[in-house]
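Below: the structure, in structure tokens.
So you know, we letter chains A, B, ... as the sequences are listed, proteins then strands, and number each from 1.
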There are 2 protein chains.
Amino acid sequence: MALTWVSEHNGHMLSQSAMSSAPPTHPLLARLQHYVQFADDERASLEALAAGPVITVRQRRDLAREGDKARGVNLILDGWAFRYKTLEDGRRQIIAFLLPGDLCDVHGYIHRELDHSTGAVTPVRYVEIPRERIEALVALGPRVAQALWWDASVSASIQREWTVNLGQRDALERLSHLLCELVHRLRAVGLADDNRCDIPLTQTDLAEATGMTPVHVNRMVQELRARGLIRWKGRAFEALDLDRLCNVAMFNPAYLHLDREGRHLDAT
Amino acid sequence: MALTWVSEHNGHMLSQSAMSSAPPTHPLLARLQHYVQFADDERASLEALAAGPVITVRQRRDLAREGDKARGVNLILDGWAFRYKTLEDGRRQIIAFLLPGDLCDVHGYIHRELDHSTGAVTPVRYVEIPRERIEALVALGPRVAQALWWDASVSASIQREWTVNLGQRDALERLSHLLCELVHRLRAVGLADDNRCDIPLTQTDLAEATGMTPVHVNRMVQELRARGLIRWKGRAFEALDLDRLCNVAMFNPAYLHLDREGRHLDAT
DNA sequence: CGGTCTATTGAAGGCGATCAACATTCGTGG
DNA sequence: CCACGAATGTTGATCGCCTTCAATAGACCG
């Protein structure tokens with residue numbers, strides 16, 4: 001139990017303080033700071049997003065279902081979730097993984113109904129951010145507004161990369177690529193310690209995300225183990241040789257846009 | 001030559017006026033009106049977007065390459081293009097098709113470099129819309145602003161559906177689904193007459209979009225022909241039985257969000 | 001009219017699916 | 001704390017969708 005994923009009992013601030021030496025922030029802010037440095041008031045407003053009434057969902061339950069009426073934007077505080085779509089005959093595809101700090105899409109602003117579902121992997125704590133709240137943030141100035149754009153834009157970029165992954169890479173490459181992405185994204189929110197992190201996904205989850213069968217996922221995991229690239233027991237994942245894993249996957253982290261592209265907007 | 005795709009010689013207005021009885025508009029406006037009804041001044045401003053200096057790209061040339069410095073948002077006036085990404089070893093995945101009326105993503109606003117390329121299928125005419133132009137549009141009020149959000153949101157939704165397509169559907173379903181999507185999107189901009197339209201894609205293009213080999217695309221096309229679902233000769237495509245084609249593909253048009261979701265915002 | 005691009009067809013092989021056990025871990029309640 | 005059942009992970013054997021390779025036909029263009 002010691003190093004497992006944060007549960008409902010210990011909040012996200014706990015897991016944060018263990019990871020980073022910077023002043024503890026919630027994971028969205030950690031991520032946005034990869035784009036731009038905020039002024040104090042901006043940081044405070046972003047910080048305050050996590051203050052709203054927190055909703056908790058039990059593991060393996062849905063946060064929202066296809067066809068539901070869309071409410072505001074959701075901010076994941078801790079836990080893992082995924083977006084998925086189901087075909088008429090029951091086949092299911094995981095479309096995206098949602099990690100702490102992820103804003104679930106702006107969809108809710110525009111569309112009346114969700115065209116996909118969201119399911120919790122672990123227990124998930126999140127807040128619903130009403131639209132006025134976002135508008136108030138944007139009103140703080142271009143720095144925050146563009147940071148939110150950056151966030152939405154990165155999500156779109158990830159979705160494009162998933163398209164490439166499913167269309168062009170073979171099974172081993174596909175799995176490796178997903179793992180590389182997760183490690184990089186977890187690092188961005190302070191949830192990966194070097195090359196080690198908790199990945200609470202089952203092999204069935206991985207199968208639904210990579211478009212293969214659970215059986216074949218298992219074989220690919222073992223292949224990666226046999227090549228000395230990863231160690232993975234329960235939730236405890238470690239990339240023993242991340243460089244080689246990235247090579248296998250032909251992983252190019254550029255699409256995650258984690259290189260402070262908004263530097264020119266930095267607060268002094 | 002009579003019914004082939006609009007070329008550089010006959011502008012887009014020509015092709016428009018042939019399709020719809022409504023007052024001729026450019027294809028972006030046609031599409032946005034699936035979301036909301038605009039007031040006259042809004043319509044005029046959107047109309048004026050197409051007035052800027054038109055850039056023409058020859059067929060099978062790139063509009064932009066991965067790594068290029070991002071400029072403004074591009075609006076396709078006529079012709080077909082696609083976004084694609086290339087792996088180190090040369091494999092290529094088409095990520096999205098860009099049809100007349102499509103705004104090429106807002107990417108340019110935020111990111112310094114493109115993380116993907118855009119290639120022209122046919123000769124393409126487009127305009128670069130500078131950011132101030134967009135800001136001026138948004139300043140017209142919430143109707144236009146939300147329509148632009150809707151547009152971006154639909155693009156994201158399409159990208160999610162492509163993820164499902166590549167991950168879960170088999171070759172025949174995948175191809176059918178792509179064809180259904182194209183027919184529906186072409187209709188939305190007045191470029192499909194009932195179940196007939198020009199599709200200027202080669203089977204190699206389809207292969208790169210669906211993650212299969214050109215050889216197998218050919219076999220699937222023939223399968224659809226044999227089942228009496230489609231007729232396709234050169235660019236002239238016809239869905240002989242669109243309902244059955246949609247069934248084969250398990251195509252649900254909801255993700256295209258073409259049902260006037262912004263109705264409540266309509267100008268009187 | 002020759003050259004290139006695209007479509008088409010055939011044959012063989014492989015990647016990943018499918019089916020079927022079995023092992024192991026985990027959650028839960030007795 | 002143990003016992004039970006369910007969920008997850010693992011392994012093997014077989015099958016088939018799709019790839020690969022190769023050759024030909026047709027379409028289009030300069």
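- Between B/Q222 and C/dT9 there is a side-chain N or O to OP1 or OP2 distance below 4.0 Å.
- Side-chain proximity of A/V215 to D/dC18, C/dT9, D/dG12: nearest is D/dG12.
- For B/H216, the side-chain atoms get nearest to D/dT19 when compared with the rest of C/dT25, C/dG16, D/dT19.
- As judged by a 4.0 angstrom heavy-atom cut-off over every strand, B/V221 is placed among residues making no nucleic acid contact.
- Between B/Q203 and the phosphate of C/dC5, there is no side-chain N or O to OP1/OP2 separation shorter than 4.0 Å.
- The side chain of A/K233 contributes an N or O atom lying less than 4.0 Å from OP1 or OP2 of C/dT25.
- Listed pair A/R91 / C/dA17 fails the phosphate criterion, with no side-chain N or O lying under 4.0 Å from OP1 or OP2.
- For B/T213, a side-chain nitrogen or oxygen approaches OP1 or OP2 of D/dT19 to under 4.0 Å.
- Residue-environment remark: CZ (A/R225) exceeds the threshold of 12 foreign heavy atoms within 6.0 Å.
- Look at CD on B/Q168: it is 15 Å from P on C/dG16, rounded to the nearest Å.
- The shortest distance between the side-chain N/O atoms of A/N218 and the OP1/OP2 oxygens of D/dG9 is not below 4.0 Å.
- Checking C/dA7, D/dA13, C/dG16 against every side-chain atom of A/R219, the shortest atom distance belongs to D/dA13.
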